[in-house]
S.K.: 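Below is the structure I would like to discuss, written out as structure tokens.
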Amino acid sequence: MKAIVHIGLKPGVLDPQGRAIARSLTDLGFDSVTGARQGKVIELDIKGNDAEKARQDVTDMCEKLLANTVIESYRIDIEN
Amino acid sequence: MKAIVHIGLKPGVLDPQGRAIARSLTDLGFDSVTGARQGKVIELDIKGNDAEKARQDVTDMCEKLLANTVIESYRIDIEN
Amino acid sequence: MTQAVEITSEIVAEHGLTEDEYKIILDRLGRSPNLTELGIFSVMWSEHCSYKSSRRHLGKFLTSGKRVIQGPGENAGVIDIDDGDAIIFKMESHNHPSYIEPYQGAATGVGGIMRDVFTMGARPIALMNALRFGEPSHPKTKSLVDGVVAGIGGYGNCVGVPTVGGETNFHKGYNGNILVNAMCVGLARTDNVFYSAAKGVGNPIFYVGSKTGRDGIHGATMASAEFDDDSDEKRPTVQVGDPFTEKLLIEACMELMATDAIIAIQDMGAAGLTSSSIEMADKGGVGVELNLDDVPQREDGMTAYEMMLSESQERMLMVIQPGKEQLAFDIFEKWELDVAQIGSTTDTGRLVLNHGGKIVCDIPIAPLADDAPNYDRPHIATPKRDEINADNIALSDLNKAVLDIMGSPDIASRRWIWEQYDRHVMTDTVDSSQSGGDAAIVRIHGTNKAVAITTDVTPRYCEADPYEGGKQCVAETWRNLTCVGADPIAITDCLNFGNPERPEIMGQFVGCIEGMNEACRAFDYPVVSGNVSLYNETNGQAIPPTPAVGGVGLIPDLDFYTTLAGAKKGDALLLIGETTGWIGSSLYLREIANMETGAPPPVDLEQEKKHGDYVRRLIRDRRVHAAHDCSDGGLMVAATEMALAADLGLNIQRPADSCAISGWYFGEDQARYLLAVDANSVNPILSTADSLGIKAQQIGTFGGNNLTSNDGLNIELSKVRTTYEAWFPKLMS
Amino acid sequence: MKTAVIVFPASNCDRDAAMALEKVTGRKAEMIWHRETEIPSDIDFVVIPGGFSYGDYLRCGAIASRSPIVKDIVAKAEKGLPVAGFCNGFQILAETGLLPGALMRNKGLKFVCRPERLTIANGNSRYTSAYGNTKEVVFPVAHHDGNYYADDKTLNILEKEGRVIFKYADNPNGSARDIAGICNDHGNVFGMMPHPERAIDPLHGGTDGLTFFKSIIESI
Ligand SMILES: Nc1ncnc2c1ncn2[C@@H]1O[C@H](COP(=O)(O)OP(=O)(O)O)[C@@H](O)[C@H]1O
Ligand SMILES: [Mg+2]
């Protein structure tokens, strides 16, 4: 199984990378861009095929390591 | 509109970060994890509502700035 | 699988081998090679590994001296700096990879040169980088600068080795081929230096570090091939660096090196497992048998060909003392590195590879090394240029000229670069880019002595006259080391040129080497390591000849050293050396008069030696508050840099009997130094100089807030600083 | 007086920190590998050094903060053991939650290495008491992710309780309210991005760092 963890900054936390990306894009002439945020995705290979168990485990992983909940929030997708 | 750009290392390219994450998860007792890869997501706010045009623009942005196509591949989702 | 492929002439050509070279292979094997064997021959005989165009010329270099423990031929050069300490250093290019992927290309260049140094038992203590980019206005330049600098910093900072200096030039000649040359200096004990010769039969061969992937397959042949418009297709060969693993490798190797477990050790650089195993076997006169199934692999289904040619980074090969296997395993496992025993040494003199239960390669090792092509490529000397008389070069506005040149691409402050480099980690950096000085100073940990390090070359001169340019680049490093009070000891080099199959390029190469060698001999300043990078051309357009030189000197006692900074209010500015106003091939001519012409300044090696020895003596006598040599931009730029570093104004007095004004301020006569000294020291210094037959004179006094002169120069120093600091950030914004 | 320096894979200021501690205490610091599970009970002061533990992969300090030794550091710090983290050490302490907030990518997005002027925001802390009337010090910074973030409520508490110990005179990384160094509510755990251990030698970076170490050592 695969678990896809999306991690992004919480709303209200300033995102210097996202801001720089938006600015560079408009500098390059992409005027349609009005904002950008950068986050990460972690793709995990998981043994077994109990999706519910996997989701619980991965939630635990996020709380314990993958996300810093002071500044980040996360979302988990499980794929079979 | 929103464009979500997923950027990941091309297959075969060394992903030391993914490796360190997988090892750390197993160290923490998450034995079910057999591998990890890390990528990034860039979420763009785009003016207008021509999804096809937006996709073209964002492809252009990926080629010119967002992705390092030497080692990374990308995927674009457009959301309305 | 690889065995099934029939070797056609196309396949031979794709491997960069000529028909003649292939015939030699057939002759030595007495049969056709299989694809794996062909791949092995092709990388071993590539320009990068075999030095087939350059070998006979490199042989001319002075390579020995009283402090030389190991000259060229090992992973890096080793010099003795007394008290049982040795300095191990080398410079290497990563030009092609950095053009294709600037961040990873530069990063892996730094990683590679560090491995060359710690392979020999030295803990890396300093990094330097010599960079050449295209015109500032070229559309690719900005992103190349951005990526290269980030890559160098990203790797060195993470490993925790300070990046203490370097040089950066911009010129249209590098538009299609940038140069990224990295140098590493390491510290070892003279009785604990490690070499690469595999000795003994039946000794275990260990593989340590990262797993092998399909990265950089054919990297070594790529580094030897000219670019064309299709080079995008060569892209997947770029490797990704992992400085984290490198740091662990250093610590693990240092720990194992403190035991007696290692017989021989070699990093896997270009041509990875192939060149490391063959070089170790060849040097030790033994054979090698490897079981490729045991090689730690990152990807599934790798062929023998791929494993042997992979250039995955952060890997080492070592021959371990029998009985010490467990010790080695324990140390590498503690540092969380992949480790495997993948074979052993044999008495057959052959390279035998087993894979999937079959022998996939069985070739004699000697011809791979000994029969490598060694070409005497035709070369024609660069035609001499006319001299340019400075009288014909007007200087209309001195104020403007000073501001223009201080804000020009090759002179402006590099702060934007070096603030991205950790210059302080290891806490022994006494002086670095931060002061803008001639050479970085890095203390030998726990002692009061230090090494001084510099990198220099003036491609303008090498292009105009390879022989004089070759002399000059060695002389400039010698001067720069002198300026900080160091005894120059030895150099490493990175010879970056175009396509050697063109006689005019080969002429540049030969001319530069001869000039360099002449200077090395005059200074008793041997070459102990180096690297050659050829085929730096795109669509027939070669880079300017760029033999970058890395010089290393010893400061025996840190109670006596100088830097560029340190001039005090009221200090006299002394000029040591002859000023004829040599304006040909000068930076002034290029930046202000818009001319890239004229013969470059000749280098009088006898004068260089005499002047340098005198300056060093004055520094040791504590007579000198600040010192700087005159190089790009002549004495005016050097003097301004000293004023900026001291944050102190300067009044310059051009003597009445001087040469033409443009030549006096901006000419680039060699063998010259500027010294800031106490007013009371002036007379004794000048009279001793006189007695030694050295031209010396006072040309200025430090004080105030402005740069002034008797020719109407009058600018606030703060204004100069603004111009000097503004150029780079503006380029990158 | 016994001190210890924790060593993680790719710590790179561990030796520098140990030298500083030896210079001030006259006694070699104990080097403790991250796989150990316990800080010896006779250790009086623990330094978590700078570097790139685990290559800064995932987030700076994240993986190191989950290593076995850190569990024990957290437990002992909560009982009052003085613990200081510099640079990567600060990032690790923030990841453990011993110190509030997080360190994000520098505002300029670039690694920045330079000597930095810091104002002493609280001269009465255990880490600054020896400075006397000195109001400003210079320590080098060298980091890519030193942009201190905490929500306003936390920042207000830090300022009100005098837990902001150093501020940047010329903010190099975008840190909230120019914060360079903070401590926990008991004042025993301290973290900052600048490197006091690189300022203990007149030939290298000045000597302002000596007083910093003297302060905490004298307080024990
Ligand atoms: N790529 C670089 N990395 C680090 N420092 C650099 C780099 N380029 C230039 N510098 C620093 O800028 C200063 C000026 O360089 P340069 O003009 O080449 O000096 P010089 O002519 O005295 O050799 C030196 O202190 C040098 O170390
Ligand atoms: Mg110089």
Side-chain angles (χ1 to χ4, degrees), chain A residues 1-30 33-47 54-78, chain D residues 8 53-54 56-68 70-71 74 88 90-112 143-155 157-158 171-179 182 184 191:
Chain A
M1 267 185 313
K2 266 190 189 160
I4 320 276
V5 184
H6 299 259
I7 302 170
L9 290 173
K10 287 184 174 165
V13 177
L14 191 76
D15 173 11
Q17 272 153 314
R19 278 219 328 203
I21 290 170
R23 184 145 23 100
S24 317
L25 287 173
T26 43
D27 280 358
L28 284 173
F30 295 106
V33 176
T34 58
R37 283 160 303 284
Q38 177 167 330
K40 45 192 167 195
V41 207
I42 296 166
E43 199 182 296
L44 299 170
D45 303 322
I46 311 262
K47 273 191 293 219
R55 179 177 301 276
Q56 269 171 27
D57 279 356
V58 176
T59 307
D60 210 16
M61 292 178 208
C62 285
E63 293 290 329
K64 286 215 175 110
L65 177 71
L66 299 179
N68 178 345
T69 51
V70 175
I71 48 172
E72 294 171 328
S73 57
Y74 59 89
R75 201 187 75 226
I76 299 166
D77 291 337
I78 305 283
Chain D
F8 297 96
S53 60
Y54 291 95
D56 274 358
Y57 297 145
L58 187 61
R59 287 182 315 278
C60 303
I63 298 179
S65 73
R66 274 68 170 173
S67 68
V70 173
K71 269 211 189 88
V74 172
N88 192 224
F90 183 19
Q91 294 164 339
I92 292 170
L93 287 172
E95 280 282 342
T96 63
L98 277 175
L99 292 172
L103 292 139
M104 314 214 337
R105 181 53 46 100
N106 291 348
K107 194 169 166 214
L109 303 182
K110 302 240 175 275
F111 189 96
V112 56
H143 58 250
H144 210 157
D145 300 78
N147 182 351
Y148 182 71
Y149 170 86
D151 57 29
D152 277 325
K153 196 174 130 221
T154 309
L155 293 171
I157 293 173
L158 287 176
N171 194 335
N173 52 29
S175 287
R177 302 189 192 177
D178 299 325
I179 288 173
I182 56 169
N184 66 346

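Order of the sequence lines sets the chain letters (A, B, ...), proteins ahead of strands, with each chain counted from 1. Side chains included, hydrogens not; waters and symmetry mates left out as well; all remaining heavy atoms used. Fair warning: this is a prediction, and the values are worked out from it, not measured in the lab.
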S.K.: Sort out for me which residue in A:Asp15, A:Asn68, A:Ile71 forms a side-chain contact (heavy atoms from CB on, under 4.5 Å) with D:Met104.
M.R.: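 For D:Met104, the side-chain contact (heavy atoms from CB on, under 4.5 Å) check succeeds only for A:Ile71.
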
S.K.: Is it the side chain or the backbone of A:Ile7 that comes within 4.5 Å of chain D heavy atoms, both, or neither?
M.R.: neither

S.K.: Is the number of heavy atoms from other residues, nucleotides or ligands under 6.0 Å of D:Arg177 CZ greater than 12?
M.R.: yes

S.K.: Please list, in residue-number order, every residue in residues 144-151 of chain D that has a heavy atom less than 4.5 Å from any heavy atom of chain A; write 'none' if there are none.
M.R.: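 So far as heavy atoms go, D:Asn147, D:Tyr149 are the residues that approach chain A to under 4.5 Å.
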
S.K.: Side chain to side chain contact (heavy atoms under 4.5 Å, CB included), that's the test. Do A:Gln38 and D:Arg105 meet it? Break it down for me.
M.R.: CA-CA 12 Å; A:Gln38 177 167 330; D:Arg105 181 53 46 100; over 6 Å; no

S.K.: Check whether more than 12 heavy atoms from other residues, nucleotides or ligands sit under 6.0 Å from atom NZ of D:Lys107, and answer yes or no.
M.R.: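 No, not enclosed.
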
S.K.: side-chain hydrogen bond (donor to acceptor under 3.5 Å, both in side chains): which pairs involve residues 57-68 of chain D, sequence neighbours left out?
M.R.: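 As it turns out, the side-chain hydrogen bond (donor to acceptor under 3.5 Å, both in side chains) pairs with a partner in residues 57-68 of chain D, which skip direct neighbours, are C:Asp242-D:Tyr57, D:Arg59-D:Glu95, D:Arg66-D:Glu95.
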
S.K.: Can you give me the closest heavy-atom contact between D:Leu109 and A:Ala20, atom names plus distance?
M.R.: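 Heavy atoms only, the tightest pair is CD1-CB, 3.1 Å.
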
S.K.: Quick check: are there more than 12 heavy atoms from other residues, nucleotides or ligands sitting under 6.0 Å from NZ of D:Lys71?
M.R.: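 No, because the 6.0 Å sphere around NZ of D:Lys71 holds 12 heavy atoms or fewer from other groups.
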
S.K.: Heavy-atom cut-off 4.5 Å, strictly under: side chain, backbone, both or neither for A:Lys64 against chain D?
M.R.: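 For A:Lys64, backbone heavy atoms alone lie under 4.5 Å from chain D.
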
S.K.: Under a 4.5 Å heavy-atom cut-off, does chain A meet the side chain of D:Leu58, its backbone, both or neither?
M.R.: both

